[in-house]
Amino acid sequence: MKLVPCHFSWRGGSSAPPLRTRSSGPVPVLICLGVLAVNLLTAAHAASGPLGFDDARHLLNRTSFAASPEEISAFGRLTREQAVERLLASIRGTTVTPPPAWVNEPFLSLRRFRGMSAEERKLAQREMFQKAFELQSWWLAEMLVTPAPLAEKMTLFWHNHFVSS
């Protein structure tokens, strides 16, 4: 058996040192291609059938909050394509619960704190913390009752992904 160099890199370049693989002719290559074909056919067959309870539970755990057994069973009867279509079809731009009344008020610059006395600043900070708490409480309630949990889950993901302070 002789060693044949095999160049491989995740980024498309050949900056990685060559890997050494064992080869004794076309038989190992044919075996690898056969295994790959079987895996692709199995994956294609699995994708065309219904999700099943376990796959539906996994999907709904990733895309919603606390799916009920009835929801999991309903998704378990769908194919992967139908399940994704149903998840995306439920996304909408309106909220179920009304946001706090002050949400549409104009933003007040934090520079206003410069001209305040210590007591006024303390009252303004308390008001800001109260509004932040109201907004968080509203969003948590919205996440629990929304018919489109995927939108809320993605909002939560991206909100946490691009954090800056």
Side-chain angles (χ1 to χ4, degrees), residues 7-19 36 39-40 42-165:
H7 295 280
F8 178 78
S9 173
W10 285 103
R11 296 184 183 203
S14 60
S15 61
L19 300 173
L36 178 63
N39 286 336
L40 289 174
T42 304
H45 177 67
S48 65
L51 280 173
F53 189 83
D54 290 335
D55 285 343
R57 183 182 63 220
H58 178 76
L59 176 67
L60 291 174
N61 281 340
R62 296 290 185 161
T63 60
S64 66
F65 303 100
S68 68
E70 294 80 25
E71 288 175 306
I72 296 170
S73 295
F75 269 82
R77 292 186 293 274
L78 302 174
T79 65
R80 283 166 168 70
E81 184 176 327
Q82 291 169 334
V84 169
E85 289 295 326
R86 182 179 287 186
L87 286 170
L88 294 177
S90 67
I91 294 177
R92 49 184 240 214
T94 58
T95 60
V96 176
T97 57
W102 52 265
V103 168
N104 294 325
E105 293 176 4
F107 175 74
L108 298 174
S109 173
L110 297 178
R111 293 181 184 180
R112 63 191 166 107
F113 285 109
R114 292 180 185 167
M116 293 181 178
S117 68
E119 188 62 33
E120 290 172 329
R121 191 176 303 121
K122 190 180 284 189
L123 288 173
Q125 286 175 336
R126 187 174 299 140
E127 181 184 350
M128 283 178 47
F129 287 131
Q130 180 62 34
K131 285 183 177 182
F133 179 75
E134 287 175 22
L135 194 58
Q136 289 171 349
S137 298
W138 167 76
W139 191 28
L140 286 172
E142 180 68 19
M143 283 191 279
L144 291 174
V145 299
T146 184
L150 177 60
E152 299 302 325
K153 193 108 177 193
M154 292 307 298
T155 302
L156 185 62
F157 170 79
W158 288 116
H159 170 268
N160 194 29
H161 185 73
F162 294 116
V163 174
S164 64
S165 56

**Sequence neighbours excluded - salt bridge (Lys or Arg N to Asp or Glu O under 4.0 Å) pairs with any residue from residues 57-70** = Asp54-Arg57
**Sequence-distant partners of Ser109, side chain to side chain donor-acceptor pair (under 3.5 Å), two or more places apart** = none
**Fill in**
For Phe129, the ring-ring contact (aromatic ring centres under 6.0 Å, His included) test, sequence neighbours excluded, returns none
**Prompt:** Given side chains that start at C-beta, do those of Arg86 and Ser90 come closer than 4.5 Å, heavy atoms only?
**Reply:** no
**Asked** Can you name the residues that form a side chain to side chain donor-acceptor pair (under 3.5 Å) with Glu85, not counting sequence neighbours?
**Response** none
**Request:** Look up atom CD in Gln125 and atom NZ in Lys122, then write down how far apart they are to the nearest 0.5 Å.
**Result:** 9.0 Å
**salt bridge (charged side-chain N to carboxylate O under 4.0 Å, His left out) involving Lys131 - partner list, sequence neighbours excluded** = Glu105, Glu127
**Prompt:** Is there a donor-acceptor pair under 3.5 Å between the side chain of Lys153 and the backbone N or O of Thr63?
**Reply:** no
**Prompt:** If we only count heavy atoms from C-beta on, is the Glu120 to Phe113 side-chain gap below 4.5 Å?
**Reply:** no
**Prompt:** Can you name the nearest heavy-atom pair linking Leu51 to Phe75, along with the distance?
**Reply:** CD1-O, 3.4 Å
**Asked** Is a side-chain donor or acceptor of Glu152 paired with a backbone partner of Pro149 at a separation under 3.5 angstrom?
**Response** no
**Message:** With a 4.5 Å cut-off on side-chain heavy atoms, are Thr155 and Trp139 touching?
**Reply:** yes
**Item:** For Thr97, all residues meeting side chain to side chain donor-acceptor pair (under 3.5 Å), sequence neighbours excluded
**Value:** Trp138, Glu142
**Request:** Could you grab the distance from atom CG of Asp55 to atom CG of Leu78, nearest 0.5 Å is fine?
**Result:** 12.5 Å
**Message:** Between Thr79 and Gln82 (side chain of the first, backbone of the second, donor and acceptor by atom type, cut-off under 3.5 Å), is there such a pair?
**Reply:** yes
**Message:** I need the Met116 CE to Arg114 CZ distance, nearest 0.5 Å.
**Reply:** 12.5 Å
